[in-house]
Amino acid sequence: MSFYTVSAGALNGLMLGGLYACMALGLSMVFGVMRFVNVAHGELLVLAAFLSFVFSTAFGLHPFIVVLILIPILFVFGYVVQRVLINPLMSAGLEPSLLTAFGLSIIAQNLFVEIWGGNTKSLNNNFSEMNVTLLGIDVPMLYVISFFVGIIVTLGVHLFITRTYTGRAIRAATQDAATAMVMGINVNRIYAITAAIGAATAALGGTLIGMTFSFTPTTGFPWLLKGFVVVVLGGMGNIFGTLAGGLLLGLSEGIGAAFVGTGYRDMVGFVIFLLVLMFRPNGLFGLKGSE
Amino acid sequence: MKRILTIVLQIFMITAFAGALHAQSAPKEVVIGASVPKNGVLAAFGSYAGWGYKTAVAETNAKGGVMLKKYGKRVPIKLVVYDDESRPELATKNIERLVIKDGAHALLGSATPPLVISGAVVAERERIPMVAALSPIRAFLGANKAGWKWTWNMFFDELEMTQQQFLTLNSVKSNKKVALFTDNGQDGVVMGMLWGKNAPKLGYEIVYHAKFPVGTSEFGDLIRRAKQAKAEIIIAQMITPDAIALWKQMGALNYKPKAAFFEKGGEPVVWAKILGKSAEGTMVAGYWHPDLGYPGAKELRARFEKDTGELYSQHIADAYAAAQVLIDGMERAGSIDPAAINNAIGKTDKTYVVGPVKFTEGKGKRSAALPTFMLQWQNGDLEVVHPKKWATKKLIYPLP
């Protein structure tokens, strides 16, 4: 194995990590604020990919243009689902909302099949076969785009959380929902906005997945698993931690593939996931006690 | 006492007569069960198989059903199809459900070895005949060392198929260096091994062999290694979503082989639809083409495209023919007795839409190999490019 193989794996993995971060950001936010494990997050990503496919084929639009339409659509979708289906169950403990999300995931998969069929799809775009040479290493253009999108989205969400009234309310609800309620914050609305932001980021993540890889109605689950790894690595609910978790997962997968083979790429990620859970259960960048 | 005995005798006679009448009365319908992948990574194959089965059964029912001599009449066929979602464990459950709950008299197979074999195991256990297509023969036979007794398979032989890639390229110039990309599915393992054996015999060198699990989506490292090994030819055996990801990433990493073969993954029309122009010139070994001159071949393509609005796939032919082989077997058996149907299927010797079908003899063989050739995507359609006697278009080489 040459130095080139390892460094190429590392650089490509790091760039792909941006997509991982983007894909997992919504999952992390929802868990961080509500302690709610949204097992339907994978289907949100697939929904975004299918909607992007519909808009881009029907109107001949580039997926990057379509995503600008999808972000508000999924924002509203996420808000309504949270407000109508999940919020009423939040007071009953973790199980009812978890089971509801699980049910939604199954319903969504079946709906995808009914509407779009079971065949493989991918988002056609001019970037998918373009590459960029960085430090003498060829990197797919979409990986590079994903890297920067991951950073920009993370910064955007961070600014929203830290610089706006709603963002501060989200932080308050994250720290202590009961006290936030006493202080006049409508916690149910805050939960819905958080879910809406999560769904909006899934619009970006799903579109990038559809452009870079391919998707079917059942693709959501493997992406959900990868999302969990990113969230645990970065520290649950930690915005910058999610970015770091995504980049770290991409990097370790890339280096791992160079050393032990692509067949074990996912295994490398899951081994790191288990090690972090064993030795730093709050994640690499999580705060102590935040679990 | 005499009177009582007479009554008992009468009752006995009436019961026996009614039983005999019942034994001779024809069933209301003959149930054929099938499990196909309508969802999941193999959904494309399931849609073709499902259409083939449905069309063959509908044709028979249009004539009044399957002719069963024992009852002296035609009996309509009820086709029950369940979705195995590309999951072997569900294929097993579906076949169990078809036999136990739906009372299937005979079965049709799913697609690809993991799904076909998972269902075939139940067919063997329940002693219900099954005709399968869409499962390469060596992978099928290798899965049951004791030998299949109730399952019949008609598809291509991997040994012959894994020579087609090299034979196709014999007429053009290349550095004869090949990179293999095979997944860990049953057919990926078998065919990867056969390419490794066939290449040196036919003057080619395998300079790199990438092995990976089904469902892999990131191939950067493998592509770089194939590129470093200077392979001008790539041969892949993988499912469609993975194959699409691999081909896209090859383009993105600036790796342009002169010839590319995508077995299994490059065959369904979604391959050409999704990849558009970049699918042009990619190849996949085939066993059926509407222009080969088999009876009803052109009409079958036309009917599929009219029904679905989609481009045909060769899988419509073997699925359609598999159902016909099963129905013919039932007609020859003349009854719904599973053993009689099973014996009759074994005597199949007829040219169907997919070509001549005759099952190999000998314990446990129960397979019919369809002749193979090479197909190439040209202008959104699959054309035969090798051998010359069957060619419908000239080979595009190197890849555009």
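Both backbone and side-chain heavy atoms feed into the values below; hydrogens, waters and symmetry mates do not.
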### Heavy-atom pair with the smallest gap, counting every atom of S128(A) and A252(B)
O-CB, 3.5 Å
### Message
With a 6.0 Å cut-off (strictly less than), is the heavy-atom count around NZ of K211(B), excluding the residue itself, greater than 12?
### Response
no
### Message
Within the 3.5 Å criterion, strictly below it, is a donor on K248(B) or T212(A) matched to an acceptor on the partner's side chain?
### Response
no
### Message
Quick check on E85(B) against chain A: is it the side chain, the backbone, both or neither that has a heavy atom closer than 4.5 Å?
### Response
neither
### Query
Is chain B contacted by the side chain of M211(A), its backbone, both, or neither, given a heavy-atom distance below 4.5 Å?
backbone
### Task
Tell me, for K38(B) versus chain A, whether the close heavy atoms (under 4.5 Å) come from the side chain, the backbone, both or neither.
backbone
## Note on the structure
Among A8(A), G9(A), P217(A), G254(A), the residue with the most heavy-atom pairs under 4.5 Å to chain B is A8(A)
### Whether over 12 other heavy atoms sit under 6.0 Å from K177(B) NZ
yes
### Task
Measure the OG-CZ distance between S2(A) and R225(B) for me, rounded to the nearest 0.5 Å.
7.5 Å
### Task
Can you measure from CG (L246(B)) to OG (S214(A)) and round to the nearest 0.5 angstrom?
11.0 Å
### Query
Which is it for D221(B) and R265(A) under the salt bridge (Lys or Arg N to Asp or Glu O under 4.0 Å) test, yes or no, and what are the steps along the way?
CA-CA 10 Å; D221(B) 180 61; R265(A) 193 184 167 86; over 6 Å; no
### Query
Rounded to the nearest 0.5 Å, what separation is found between the CZ atom of F219(B) and the CZ atom of F213(A)?
9.5 Å
### Message
If I measure from the heavy atoms of chain A, does L222(B) come under 4.5 Å with its side chain, its backbone, both, or neither?
### Response
both
### Query
Between the side chains of S278(B) and E129(A), is a donor N or O closer than 3.5 angstrom to an acceptor N or O?
yes
#### Entry: Interatomic spacing from OG in S217(B) to CH2 in W223(A) - rounded to 0.5 Å
5.5 Å
### Task
Tell me, yes or no, whether the heavy-atom count around K227(B) atom NZ, taken from other residues, nucleotides or ligands under 6.0 Å, exceeds 12.
yes
### Other residues, nucleotides, ligands: >12 heavy atoms within 6.0 Å of Y397(B) OH
yes
## Note on the structure
With chain B, the option among T218(A), L123(A), N12(A) that has the most non-hydrogen atom pairs under 4.5 Å is N12(A)
### Message
Check this for me: N126(A), atom CG, are more than 12 non-hydrogen atoms of other residues, nucleotides or ligands nearer than 6.0 Å?
### Response
yes
### Message
For T216(B), which atoms come within 4.5 Å of any heavy atom of chain A: side chain, backbone, both, or neither?
### Response
side chain
### For chain B, the option from G117(A), A257(A), G261(A) that forms the most heavy-atom pairs under 4.5 Å
A257(A)
### Separation of F53(A) CZ from I274(B) CD1 (nearest 0.5 Å)
7.0 Å
### Task
Among the options V132(A), T219(A), D138(A), pick out the one with the most heavy-atom pairs lying under 4.5 Å from chain B.
D138(A)
#### Entry: Over 12 non-hydrogen atoms of neighbours within 6.0 angstrom of CZ in F228(A)
yes
### Message
Any non-hydrogen side-chain atom of L253(B) less than 4.5 Å from a side-chain atom of N131(A)?
### Response
no
### Task
Below 4.5 Å from any heavy atom of chain A, which atoms of K277(B) appear? Answer side chain, backbone, both or neither.
neither
### Task
Between chain B and each of N124(A), L16(A), T216(A), V139(A), count heavy-atom pairs under 4.5 Å; write down the option with the most.
N124(A)
### Query
Top residue by heavy-atom pair count (under 4.5 Å) with chain B, among Y143(A), F127(A), F112(A)?
Y143(A)
### Task
Decide if atom CZ of F221(A) counts as having more than 12 heavy atoms of other residues, nucleotides or ligands within a radius under 6.0 Å.
no
### Task
Take Q109(A) and N39(B), measure what side chain to side chain contact (heavy atoms under 4.5 Å, CB included) needs, and give me the verdict at the end.
CA-CA 10 Å; Q109(A) 283 184 30; N39(B) 288 297; over 6 Å; no
